[in-house]
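What you are looking at is a predicted structure, and each value in this text was computed from that prediction instead of being measured. Every chain is numbered from 1, with letters handed out A, B, ... down the list of sequences.
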4 protein chains.
Amino acid sequence: MTDKRGSRATDRTEAIMRTTLELGKEIGYAKLSIEAVAARAGVGKHTIYRRWSSKGALFLDSLLSLNKSDLDYPDTGDIVADLRRQIHAAIELLDRPPVGPLYRALIGEALLNPQVAAALNDHFITPQAEKTLARLKVARDQGQLSPGFDLDLAMDILSGPLYFRALIVQEPLTHEYVDRVIEALFTGMESRP
Amino acid sequence: MTDKRGSRATDRTEAIMRTTLELGKEIGYAKLSIEAVAARAGVGKHTIYRRWSSKGALFLDSLLSLNKSDLDYPDTGDIVADLRRQIHAAIELLDRPPVGPLYRALIGEALLNPQVAAALNDHFITPQAEKTLARLKVARDQGQLSPGFDLDLAMDILSGPLYFRALIVQEPLTHEYVDRVIEALFTGMESRP
Amino acid sequence: MTDKRGSRATDRTEAIMRTTLELGKEIGYAKLSIEAVAARAGVGKHTIYRRWSSKGALFLDSLLSLNKSDLDYPDTGDIVADLRRQIHAAIELLDRPPVGPLYRALIGEALLNPQVAAALNDHFITPQAEKTLARLKVARDQGQLSPGFDLDLAMDILSGPLYFRALIVQEPLTHEYVDRVIEALFTGMESRP
Amino acid sequence: MTDKRGSRATDRTEAIMRTTLELGKEIGYAKLSIEAVAARAGVGKHTIYRRWSSKGALFLDSLLSLNKSDLDYPDTGDIVADLRRQIHAAIELLDRPPVGPLYRALIGEALLNPQVAAALNDHFITPQAEKTLARLKVARDQGQLSPGFDLDLAMDILSGPLYFRALIVQEPLTHEYVDRVIEALFTGMESRP
DNA sequence: AGTTAAACGAGACGGTACGTCGAGTCTTTGT
DNA sequence: ACAAAGACTCGACGTACCGTCTCGTTTAACT
């Protein structure tokens, strides 16, 4: 009746991903080894390799399994308020322990392994970007943004500085900082060129 | 007169860094091994470990040895023109082969190894940022920017989107894109909040 | 039927020991390295370390694997003849190439490594000594030796001078010399104290 | 007047040998390294290599520097008594700490390194053997031993069992055991062949 | 006394091997 | 049939010494 093979497989898959995150939190991604995950999960290494092609792929899946799309956009009709709400939620999830350090490491892995980069983009970055773009497009269509508003660039200006501070400068992101970015985007920098 | 010991040591140091970059270009940072660098450079492993504490540290120094600060700011009196010139030069150097892939990998390593992150910040990111800030400050003092202009945020908005596209979305940076970012910073996004 | 795991493991074990002896004969024990044995045998170093704790232990086992107990005692009823036969066989095996130099080196290793010494005693020296003692005891019980005959000392007088010449003075052992030792033991030195 | 160069050189030489023995006692010969001796003695490695060609050679000299020929034979006219006295002294020196373990290790090294073996023979084994032979010869000439007494064999029977027990069986030598060997040599084994 | 040459400490250097670890593959056994 | 268990080859890790080789710096012998 029930697909026992499937359910058993699912069990292992989840157990492995759970262990991966557990170990990742304990010792960090850099020191994580498939060997150790297998041992801790009580699973043969084969069983891991059968499902994932590399440590990065396993790690990506493990991390994504956490984020059951908590980062969806609300639509209250107020684009600024909606963006604020979503981005505040995003930094809360992605820049704070326990996920923060792991997400940082995942991006590090992606920069060293193109396959992980592609998968990360396909399964997380692009979908999220598209949600943002879609919300912005709605706002533009509703006249909250001018017709010539550059959605892609806006998206990058919303994300870029945050990633830059989180990954490159490595300072914790604050809600105040997010607000400054959003304000700059919508009300300008008071420049006088 | 000359410090012969020093010059000998310098020889090795440079030979090792040269070999590191060479091998890095050939096989990529991820597959690089200290063993291979030592062999190719005709040098004992100890001689490498004596100078650098990890593969990342060696790689960082090797890459920085290339950038004989070509990224200094001009000061023509026109802040926008000067920023354009510098940022165009920067993406030309840092986002194109041969340095581009290596720089990406270096940041990847930094995300996995806090020591490398700290060194990268100290020796490259922060000094570069400070040059940008200094140039912006001059412009503000000269009245080219309004007194309330947020220099730090401007810096992040200039860098963030570029890093975001280069590292996360992994699309090649174009001069046209740089110009759009600069324009958005100084003339606004035409938003209508 | 057959223990397949065992047979595979046995294959490697024997291949490693064979290679060890081969290399030992070529370059000598002192220059032997586990690295070289592994490479020559087409085996990972781990596979050697899994089985033996040190170069000495590997070497001991390798050498003992040769001696398919050819050194058993005959019992013709004539104790002198039997000892002669066995000891002549022993020096032929242990003091001549190819085993001679390796056996000498093994004892050298045993003198530097107590674990090897213990293993050598347990697996070779003591068993051989006990065979000799047993044969002597039979002879004494049969009245071929006087009741007060000191078996242990006899054992040492049979072995000691041979080891002394072989290891310390480092002269090749001859059958004539063996006969002089045996004769001295049984018929005395013609001393006149 | 005094050879000052010589005296300085002698100082170093002695300091190095002293340190060698000191370290040898602490960590054992097997773990001894020229590097460590140099460091401990506050001496450059060159200064050691200038004097000795190998660790074994250094160790041999260091050990021999201790034995300012305390093992000379007395000649009281009683060959048995004189042998006893000398051999008892020998085992006391060579089989007991602190020299015992080092002497054992030296012989181990000699078995692995022919140059050390040759030097050990030339500088210690052979001279000692000749003293024994000389003393025995005097006894034979004086008629204390029969004219056909085999001096070389006697020498081996006096030494062999002791070395055998000390090196191979690795049991501590006792004076009682020495006496049994001497008695066996001179009064026979009470065999009845 | 000043010069010169050897010996020296210090330690960098190219090597070789160590013993360990993990990757990814392959085999055996159990269920 | 599939999975745990783990043995296997391979490659690299970071360390320790080897014996050689500069480097200045004593030191003492000979101008």
Colleague: Under 4.0 Å from OP1 or OP2 of E:dG9: is there any side-chain N or O of D:T47 that close?
Modeller: yes
Colleague: So for C:K45 and E:dG19, does any side-chain atom that can act as donor or acceptor lie under 3.5 Å from a complementary atom in the base?
Modeller: yes
Colleague: Take the protein atom CZ of A:R40 and the nucleotide atom P of F:dA5, then report the distance between them rounded to whole Å.
Modeller: 16 Å
Colleague: Determine: side-chain N/O of C:R12 to OP1/OP2 of F:dT9, distance under 4.0 Å, yes or no.
Modeller: yes
Colleague: For atom NZ of B:K31, decide whether the heavy atoms of other residues, nucleotides or ligands shown that lie under 6.0 angstrom number more than 12.
Modeller: no
Colleague: Quick one: B:Y49 OH to E:dC13 P, roughly how many Å, whole number?
Modeller: 16 Å
Colleague: Rounded to whole Å, how long is the line connecting atom CD1 of C:I34 with atom C1' of E:dG19?
Modeller: 9 Å
Colleague: In whole Å, I'd like the distance from the CG atom of D:L58 to the P atom of F:dG19.
Modeller: 11 Å
Colleague: Between B:E26 and B:R40, is there a side-chain N and carboxylate O pair less than 4.0 Å apart?
Modeller: yes
Colleague: Please state how far atom CD in C:E35 lies from atom P in F:dT9, giving the value in whole angstrom units.
Modeller: 14 Å
Colleague: Looking at B:R104 and B:L167, what are the two nearest heavy atoms and their distance?
Modeller: CG-CD2, 3.6 Å
Colleague: In whole angstrom, what separates B:K55's NZ from F:dG11's C1'?
Modeller: 13 Å
Colleague: On a heavy-atom basis, which atom in C:V37 and which in C:T19 lie closest, and how many Å separate them?
Modeller: O-CG2, 3.8 Å
Colleague: B:R51 has an atom CZ; how far is it from atom C1' of E:dA12, in whole Å?
Modeller: 8 Å
Colleague: From NZ of C:K31 over to C1' of F:dC18, roughly how many Å is that when rounded to an integer?
Modeller: 14 Å
Colleague: Would one find a side-chain N or O of A:R50 under 4.0 angstrom from OP1 or OP2 of F:dA3?
Modeller: yes
Colleague: For the base of F:dC21, is there a side-chain donor-acceptor partner from D:H46 under 3.5 Å away?
Modeller: yes
Colleague: For DNA chain F, whose closest nucleotide is more 5', that of C:A41 or that of B:S33?
Modeller: C:A41
Colleague: What are the two closest heavy atoms between D:A117 and D:A110, and how far apart are they?
Modeller: CB-O, 3.4 Å
